[in-house]
Amino acid sequence: MTELPIVEFAYPGPLRDALVAAVLSGAKTTTASLLVQHTDEVLPRVGERCAVVDSAGSAVAVVETIAVDIVALKDVSLQHALDEGEGYADVAQWRDGHERFWHSTETRAELGDPHFTVNDDTQVVLERFALV
């Protein structure tokens, strides 16, 4: 696993631990990121395999990307929200949770913009993956 690119869900801590557990259980098969977060990175590619790391930075699983879509935030589907495995009942709950994350101090620091906000037209990278 050490030769694979890594994939990190959220930031180290309780949220990452919960997301990694959901991946390992098979409950989480999708994830979302902001397109602006990929300015220095290559977008995920179908067929790419990545090592999932936990909060300690240890590789705990391998996932393979099976679909990638870039959509406006307003166009995220219910199926994507459900497949994130975080217990969202609808897209509104999914969006609320993700907006809190994307408006967090950590995300704003990562983006270098202490006032960063999203809106309906913000471009979101939706990735579907399978546990290998």
Side-chain angles (χ1 to χ4, degrees):
M1 277 194 279
T2 57
E3 66 278 353
L4 293 174
I6 64 168
V7 61
E8 299 175 291
F9 294 99
Y11 301 104
L15 179 57
R16 177 175 292 175
D17 295 338
L19 296 177
V20 168
V23 169
L24 295 175
S25 76
K28 182 173 183 61
T29 59
T30 63
T31 194
S33 56
L34 298 168
L35 183 59
V36 299
Q37 290 176 298
H38 294 274
T39 55
D40 295 330
E41 301 173 26
V42 176
L43 288 171
R45 294 182 324 269
V46 171
E48 179 179 41
R49 288 186 174 193
C50 294
V52 176
V53 296
D54 62 14
S55 288
S58 299
V60 296
V62 174
V63 293
E64 181 175 330
T65 301
I66 57 176
V68 178
D69 294 297
I70 300 173
V71 302
L73 183 56
K74 67 184 175 201
D75 296 327
V76 172
S77 71
L78 174 60
Q79 192 61 58
H80 179 87
L82 296 173
D83 291 345
E84 284 221 6
E86 296 179 55
Y88 300 117
D90 56 37
V91 176
Q93 283 183 352
W94 176 90
R95 183 166 172 168
D96 182 59
H98 282 71
E99 284 189 14
R100 280 194 312 274
F101 179 78
W102 291 328
H103 294 161
S104 70
T105 303
E106 294 89 350
T107 299
R108 287 174 169 168
E110 176 186 336
L111 296 173
D113 181 354
H115 305 291
F116 176 81
T117 59
V118 298
N119 61 45
D120 280 350
D121 296 319
T122 299
Q123 296 294 290
V124 180
V125 178
L126 304 179
E127 182 178 358
R128 180 169 296 280
F129 56 84
L131 186 61
V132 177

Check: Salt bridge between Lys74 and Asp121, side-chain N to carboxylate O under 4.0 Å?
Finding: yes

Return the [atom1] to [atom2] distance between [X] and [Y], rounded to the nearest 0.5 Å.
X      : Y     : atom1 : atom2 : answer
Leu78  : Asp83 : CG    : CG    : 9.0 Å
His38  : Ile70 : NE2   : CD1   : 8.0 Å
Leu131 : Ser25 : CG    : OG    : 9.0 Å
Glu8   : Ser33 : CD    : OG    : 12.5 Å
Tyr88  : Leu82 : OH    : CG    : 11.5 Å
Ser55  : Leu15 : OG    : CG    : 9.0 Å

When hydrophobic residues are tied together by side-chain contacts of less than 4.5 Å, even through go-betweens, does [X] share a cluster with [Y]?
X      : Y      : answer
Val71  : Val118 : yes
Tyr11  : Val52  : yes
Phe129 : Val60  : yes
Leu24  : Val63  : yes

Give the minimum heavy-atom separation between [X] and [Y], together with the two atoms involved.
X     : Y      : result
Glu84 : Ala32  : OE2-N, 3.3 Å
Trp94 : His80  : NE1-CD2, 4.1 Å
Ala51 : Ala59  : CB-CB, 4.1 Å
Thr65 : Glu127 : OG1-OE2, 2.5 Å
Val20 : Asp54  : CG2-CA, 4.3 Å

Taking the side chain from [X] and the backbone from [Y], do they hold a donor-acceptor pair closer than 3.5 Å?
X      : Y      : result
Thr107 : Phe101 : yes
Arg49  : Glu64  : no
Thr30  : Arg128 : no
Glu86  : Ala22  : no
Glu48  : Pro44  : no

Check: Would Leu43 and Leu35 satisfy side-chain contact (heavy atoms from CB on, under 4.5 Å), going step by step from the backbone distance to the final call?
Finding: CA-CA 9 Å; Leu43 288 171; Leu35 183 59; 3.9 Å; yes

Next item on the list: Kindly determine whether Trp102 and Leu111 satisfy side-chain contact (heavy atoms from CB on, under 4.5 Å), including the steps that lead there.
Entry: CA-CA 10 Å; Trp102 291 328; Leu111 296 173; over 6 Å; no

Heavy-atom side-chain contact between [X] and [Y] under 4.5 Å:
X      : Y      : value
Arg108 : His103 : yes
Val125 : Gln37  : no
Leu73  : Arg95  : yes

Notebook entry, point to check: Can Leu19 and Lys28 be said to form a side-chain contact (heavy atoms from CB on, under 4.5 Å), step by step?
Noted result: CA-CA 7 Å; Leu19 296 177; Lys28 182 173 183 61; 4.2 Å; yes

Next item on the list: Return the set of residues passing ring-ring contact (aromatic ring centres under 6.0 Å, His included) with Phe116 (not counting sequence neighbours), or none when no residue passes.
Entry: none

